[in-house]
Amino acid sequence: MTAFLEVPPLLDGFHESYSVHLDKFDGPLDLLLHLIRKNELDIRDISIADITRQYLEYIRLMKNLNLEVAGDFLVMAASLLQIKSRMLLPVDEAEEGEPEEDDPRAELIRRLMEYQQYREAGQLIGARALLGREVFARTCPDPVLEARRNEEGPLEVSLFDLVEAFRTLLERIPVEHFHDVAAAETFSIADCINEILSLLQEQETVQFDDLVRDDFSRERVIVTFLALLELCRLKVIRIFQNTHQGSIWFVPAVGQQSPDGIPADEEVE
Amino acid sequence: MPMLPAIIESIIFAADSPLSLDRLSEILPEFGHDEIKAAIAELCVFHEARPGGLVLVEVAGGWQFRTRPGFQQYVVRQAKVKASKFSQSSLETLAIVAYRQPVTRAEVEHLRGVDCGGVLKSLLEKRLVRILGKKDIPGRPLIYGTSREFLEVFGLKDLKSLPTLKEILALDDLPQYERQEELPLENRADFPEEMSLPFDVPSTL
Amino acid sequence: MPMLPAIIESIIFAADSPLSLDRLSEILPEFGHDEIKAAIAELCVFHEARPGGLVLVEVAGGWQFRTRPGFQQYVVRQAKVKASKFSQSSLETLAIVAYRQPVTRAEVEHLRGVDCGGVLKSLLEKRLVRILGKKDIPGRPLIYGTSREFLEVFGLKDLKSLPTLKEILALDDLPQYERQEELPLENRADFPEEMSLPFDVPSTL
């Protein structure tokens, strides 16, 4: 895949008027496959030394042209050098300890072959007659059908739409309203409330222990407890304890209410 | 090269509005106006004569394929199952309820800045949102949360499976190392072109 | 009473999306399932054989009229029709999601060797990929799969009609992704943060 890359203007403006033809690669594996093909190598028996040298030359070229080199390319550079160094070591070096793969290249070769498989699959599906590219469907709504539309069909919306709607909303409003929305790394009270509500949809009663069984950390227990208190305060749940120091149980304070069940004067408040 | 009638057929079929003879002539400069006119006439006769479900008709000054009159009774049978699309306001409201539950109408309205009574009511009717209870503050407002149907519509196992905003935002982020790895410009300038790179171990391999 | 093939033709023509055989049977309860099936087959053959601009194809589990392949050069001339394009990275990513679903972003990135956040997001926006939920492993990462739109756009009957992956030759092991729980992120973590040039890394060599 050849692309026409513009060299971004440098501070000194020297390269400003330059542009070069340079093969553009969709990642380090793509570049490696290209090198293997160019050198007519067998993918199962690549010369790490040659490939590594050419790979690094390419990266250096990109750098000299002030093209941004993605971190992924650098990670691969490090891996190649590591493999190369391991191949320099005497073979009996690895006799102790856990059995290693004999060929230091094995993992890389496997990745390359697997990548090649998906790369080809991508080309195959991309070569199909695509809707909106090679073939087209009718875009004009049928007037007969349009006249009879109503809103009672199944709902069609994706999870991504929902989250995107939320994201757009957040962009509109000040951050302080949402300090707790972009959940911290840790388990938040809001998460825990969601979890409890979710559980209560499935079962009538829930035990405190069920909530902390998987993760009995101090943080989790406190968060869970606070979430329960909050739900209790909101009168969403009721809490029971049969014996002193016994299990804490809780049940929904109100059953699943149907929309018809809303009192007329209370209709959405 | 395909036949002109077939070409015109495909263009008219894919168009989102009726196409006039002049417009078709513009689109197909390699064909004469009269040729195009004749091809359209041929297509009209063909579709009218064959016992099919479509006809080519002239509407609003242009040509368009329509279902054959008399077939409406069949065509409209699918109308009632059209998937209902969500308006931006229902999506936003639903998102707030999903991410902030248990939540009151006042809280939803505070966030959206507009009245949400109608939207909430329609979400309740669609059973995506349910009433969890009443808040213990003056006025005892209703508290809303999402329903089991909500999970079903979005194909979620439970509320925990709802992607967090952070996870979606993370799709735009570059990986950590990519951000920190900006090469200082001075180094590049200092870097002698001909100098062999440290890793360029003589190819003894 | 009109002929069944003509009725089906008008219904499919009017529909917004491909209609399945089952759906057609529901819409036309007065006809037998087998009758409908035979009529569809007849329609397919008819449109394929006549030198017209449309064909009836089976996609995403249903039937839809589309312009005949090869006519795009004419169809796209209408200003409003914009031909969509796919980059190699989106096709690769899409292929991985299609063949490996449900799949996490980390798995896609491991297979491609590059960050895929941006590509995944644009595939989500194009509705070709959807969020299936979260994986039950530590960190609960989002899992992705392909959508119905993916089948429609790529003209596939179902996921089983994806082209078979070229076998990995001469590798004794079966695909290793099951074992690859531990994604090789160690490499990245080992990467010295303070390094100035990528080439300086192997100081240990």
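In what follows, every chain begins at residue 1, and chains take the letters A, B, ... in the order their sequences are listed. Just so you know, these numbers come straight off a predicted model, no measurement behind them.
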Which portion of [X] sits near chain B, non-hydrogen atoms under 4.5 angstrom:
X      : answer
C:R68  : neither
C:L24  : neither
C:I131 : side chain

Handout entry: C:T67: side chain to side chain contact (heavy atoms under 4.5 Å, CB included) partners, not counting sequence neighbours
Key =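 For C:T67, the residues satisfying side chain to side chain contact (heavy atoms under 4.5 Å, CB included) (neighbours in sequence not counted) are A:V135, A:F136, B:S10, B:F13, B:A14, C:V75.
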
Exercise for the section: Decide, yes or no, whether a salt bridge links B:K37 with B:D22 under the criterion of side-chain N to carboxylate O below 4.0 Å. Expected result: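 Salt bridge between B:K37 and B:D22, a charged N being under 4.0 Å from a carboxylate O: no.
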
Handout entry: Carboxylate-amine/guanidinium proximity below 4.0 Å for C:K134 and B:E167
Key =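 Looking at C:K134 and B:E167, the cut-off is met.
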
Measuring heavy-atom distances to chain C, does [X] have an atom under 4.5 Å in its side chain, in its backbone, in both, or in neither?
X      : answer
B:P163 : both
B:L19  : side chain
B:F46  : side chain

If we only count heavy atoms from C-beta on, is the [X] to [Y] side-chain gap below 4.5 Å?
X      : Y      : result
B:L120 : B:Y144 : yes
C:L56  : C:Q64  : no
C:V59  : C:R66  : yes

Exercise for the section: Under 4.5 Å, counting heavy-atom pairs only, tell me which of B:P5, B:P51, B:G52 racks up the most with chain C. Expected result: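 Most pairs with chain C among the choices: B:G52.
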
Exercise for the section: With a 4.5 Å cut-off on heavy-atom pairs, point out which of B:D158, B:L28, B:L156 contacts chain C the most. Expected result: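 Ranked by heavy-atom pairs under 4.5 Å with chain C, first place is B:L28.
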
